Amino acid sequence: MSSPDHIADALLEWFDCHGRKDLPWQHDRTPYRVWVSEIMLQQTQVATVIPFYQRFMSALPSIEDLAAAPEDSVLHLWTGLGYYARARNLHRCAQEICREHNGEFPTDPAGLEALPGIGRSTAGAILSLAMHTRAPILDGNVKRVLARYHAVEGWPGQRAISDRLWRHAEHHTPQERVADFTQAIMDLGATCCTRSQPRCESCPLHHGCVARQRGRQADFPGRKPRKETPQRRRWLAVVTRSPGEVLLEKRPASGIWGGLWAPPEFDEEIAARAWIQDIIGLPSDDCRVDAPFHHTFTHFKLEAHPVRVHCEANQADATAVNIDAEGLQWFSLHPPPAVGLPAPVLKLLTKLGAEPF
Ligand code: SF4
């Protein structure tokens, strides 16, 4: 084998004995299956991803199925995984591949990286794992292994640091057995070179690892500079009606919860109450405010206060408002609808569905 140094040889030898070979996306490794797994695995642990991946693949087994699916169905399959921009990009990307590339993935890095939601590392994973083309990857696990092995100081979110890590990744990627190498270095990060308490004594990179030699494993990769996470308070207009329905609106495609269905959101309680009065025609005094629920996003913490009102089946028809024209829709709560729902909203609807109507 021609490898640039001993890392590839040591990793491949370790992979043959200890690597993971039975993950759902390791069977029938097509570009489509690898791509979906890579997008799901961004920001999400393997154990969490597996059931979502299996459900997604049985519903949408090919890129043509994904491209032809309604966005609501794709977002529904993503409900609970978070970071919904990934699902929207996945859908757009499938449509672009079917429209512009006859349903075939481009076979070069530039062609792949020009597609929505595919960055350099995802392109590298598709090329190496599904096409056996030499291309480096740099996902979270690989960053950790390389940052420790070479003792690369600094936070990889900074361009200069990630450029250094990419140079190491490029250098270590072998010409042969590139799919196994890619899987091996990801597996090492996931099972041996773990975030806390890495198992250095059983690591195949033990001898050359600078962080281990210096006893500084916990310092790599460097952490993001800390900033206080701001908190946002919002009021959700939660309107239910007999015999067990809830009024939801589809959020605009951009922004948090983009493309998902949720109760209308307001900056102030009074605005939520006024909206309910306009749409449903019930006085503001009929509303009650439930205890808030909390959800943490990457950039802020949400404190959401449900402003609740319940009406009879034909109550909303008494106002001049056209529900459809407002982008609103009634959905049954038994069970919650099969559309894209943010996880905390799904929880809220499940709770509402358990209440007597
Ligand atoms: S020796 Fe330890 S710190 Fe270094 S790569 Fe292996 S597991 Fe990670």
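Here the structure is a predicted model, which means the values were calculated and not measured. When a ligand or atom number is given, it counts from 1 through the structure's own listing order. The residues of the chain are indexed from 1 along the displayed sequence.
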Item checked: Test log, rule side-chain hydrogen bond (donor to acceptor under 3.5 Å, both in side chains), inputs His310 and Ser242 -> CA-CA 8 Å; His310 183 74; Ser242 303; 3.1 Å; yes
Check: When you measure from the centre of the six-membered ring of Trp330, is the NZ or CZ of Arg241 under 6.0 Å away and within 45° of the axis?
Finding: yes
Notebook entry, point to check: Using a distance threshold of 2.8 Å, what protein N/O/S atoms lie below it relative to atom 8 (Fe) of ligand 1?
Noted result: Cys193 SG
Margin query: Please tell me whether Gln42 and Thr122 have a donor and an acceptor in their side chains that are separated by less than 3.5 angstrom.
Written below: yes
Note to self: Before you tell me yes or no, could you show the steps for Asp180 and Lys21 under salt bridge (charged side-chain N to carboxylate O under 4.0 Å, His left out), namely the whole-Å CA-CA distance, both residues' side-chain angles and the distance that decides it to 0.1 Å?
What the structure shows: CA-CA 10 Å; Asp180 287 347; Lys21 303 180 187 77; over 6 Å; no
Notebook entry, point to check: Between Gln329 and Leu248, is any pair of side-chain heavy atoms under 4.5 Å apart?
Noted result: no
Check: Mind checking whether Val238 and Val307 have side chains closer than 4.5 Å, heavy atoms only?
Finding: no
